[in-house]
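One structure below.
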Amino acid sequence: MSSVQPIKVAVIGCGMISDAYLNTMVNRFHILEVVGCCDRNPSKAERTAERYNIKVLSMEEIIADNTIEIVVNLTAPTAHYSVVKQLLEAGKHVYTEKVLANELEEAAELVRIANENNLYLGVAPDTFLGASIQTARYVVESGMIGKVTSFHCALNRDISLFAEHSPFASKPGAGIGFDVGIYYLTAMLSILGPVKEVSGITKTLNKDRQHYFIEKLGEPYELQCENLMSSTLEFECGAIGSMLFDSNSILIIPERPMLVLYGTNGIMYMSDPNLFGGEVSIILKGNTEPMVIQQSHAFTGESRGLGVAEMAWSMRKGRVNRASKEMAYHALEVLHSIVLSGEKKQHIALKSTFANTPPIPRGYLDSTYFNSQEESGLAY
C-alpha cells in the first residue's frame, strides 16, 4: 500500500460525529491524509484541529486548495444540499453524512452534478461495510438460508430524551426514519438490492413539547420531523417485509433493535445496523436454536470514516465506490415514498434503482500479533 499515493482530505463540520470520523480517518487508514477542518463555530474548529494535529481552514481555502481531493461533509442534514453542491461545483469529490439531502429533488440535483463533472459522491451510513452486515450478506449469497422471502426490522427510541441533548433531534431530517431508519434500510439494500414498491404511514405525535432537563426546564419547542414510521416494502428480488421505527417509546441502552430475514431454508438474525460489528445467527431448517456465524470480515469496532477510505481506494483503483450516491438516492426515495404513501393512501412504485457493488473481500481481519490487514481488503 505504500506505493499508492494517499488522498488529502478536509472535514467540514466539527460537531458530535466528527470525532468518530476523525479518529478513524487519521489513525487507521494509510490511503487518507487528513489535512484540515472547518466549522462555522471557530472555537470548535480550533479544538478539533489541535486534537488531530491538522489545520483550521475556511471553506474558501478548502475549495482553493487543489491538493485536497476529498471533502467530508459532517454538517447537519439541513445544510447538506448547499454544502455538497458548492463543493461539487468547485470540482471536489465529496463524502457526506446521511442523508444525501433532505429533499428528493435536491438529492437528484447533487447526483446529476456529480455525474456531469465525473466526481465521486459517497454517502453514509457506511456501517454496512462492517463485519456484521458483510457477514450477513455472505450468509444470504451463499444460499445458507435459501431464498429470502420476507423480513422485519424495528427500533424504538425516546425523542424527548434526544431533543434534550441536541436541538438537531427535533429539526427536519432528524426524524427516526430519516436519521436512524436509514441504517436499517441501507443494510437491507446492501443485501437484497433495490426496492420495487412501498406503502406506509408516518406521523409526528405531540409536536408541541417542553424541555424537562433543568437547563431548559419548561421552555417550549416544536418537533419538525416524523417520530413514527411504519411501512411495507417489496424488493425487486421478491422479498416482502416491514419496517417500524417509533421514537415515542423508551430508550434502552444498549438498544435492542430487531432485524430478521426469513428464508426458505432458515432464518437469520442480525445485530444493530447502526454498529459495524455484532452477532449474526441463523436457525436452519430442522433446528430450533440459533447458531452464531463466525465472522471473517474486517471492521468489527467503531469505524465511521470507513466509507471515506473505501471511496479513496475506489478513486485510486478506478471503480465505483460501495457507499454510492445511487444507493443513497434510492434509500432517500424509499423514505420519501413511505411518507408520500401515507399522504396519498396508496402504494408507491420506486422510480430509481441501483446496481449493487461487490462485497468487501473476506479474510482481511485485524490481528493482535501481526500488522493490521483490514485496510488491505479495501484495495480490492
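Every heavy atom of this structure was used, including side-chain atoms; hydrogens, water molecules and symmetry mates were not.
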* Asked: Is the CZ atom of Arg40 crowded by more than 12 outside heavy atoms at less than 6.0 Å?
  -> no
* **Salt bridge present between Glu310 and Arg322 (N-O < 4.0 angstrom)** => yes
* Ignoring hydrogens and angles, state whether a donor on the side chain of Asn41 or Asp39 is under 3.5 Å from an acceptor on the partner side chain. => no
* Salt bridge Lys171-Glu222, side-chain N to carboxylate O under 4.0 Å -> no
* Would you find a donor on one side and an acceptor on the other, under 3.5 Å apart, between the side chain of Ser271 and the backbone of Glu279? -> yes
* Would you indicate whether Tyr212, at its atom OH, is surrounded by more than 12 heavy atoms from other residues, nucleotides or ligands within a distance under 6.0 Å? => yes
* **Ser324 side-chain N/O to Val320 backbone N/O, donor-acceptor pair under 3.5 Å** => no
* Using the side-chain hydrogen bond (donor to acceptor under 3.5 Å, both in side chains) rule, collect all pairs that involve residues 335-345, keeping only residues at least two apart or in two chains. => none
* To do: Return yes when atom CE of Met16 has more than 12 non-hydrogen atoms of other residues, nucleotides or ligands closer than 6.0 Å, and no otherwise.
  => no
* Ring centres under 6.0 angstrom apart (Tyr95, Tyr120) -> no
* **Any donor-acceptor N/O pair, Asn287 side chain to Glu289 backbone, under 3.5 Å** => no
* Sidechain-backbone polar pair: His330 side chain, Ser352 backbone, donor-acceptor under 3.5 Å -> yes
* Using modelled atom types only, decide if a donor and an acceptor are shared between the side chain of Ser18 and the backbone of Gly15 within a distance under 3.5 Å. => yes
* Asked: Quick one: ring pair (Phe, Tyr, Trp, His ring centres under 6.0 Å) partners of Phe235, sequence neighbours excluded?
  -> Phe151
* Using a cut-off of 6.0 Å, state whether more than 12 heavy atoms not belonging to Glu50 lie near its atom CD. => no
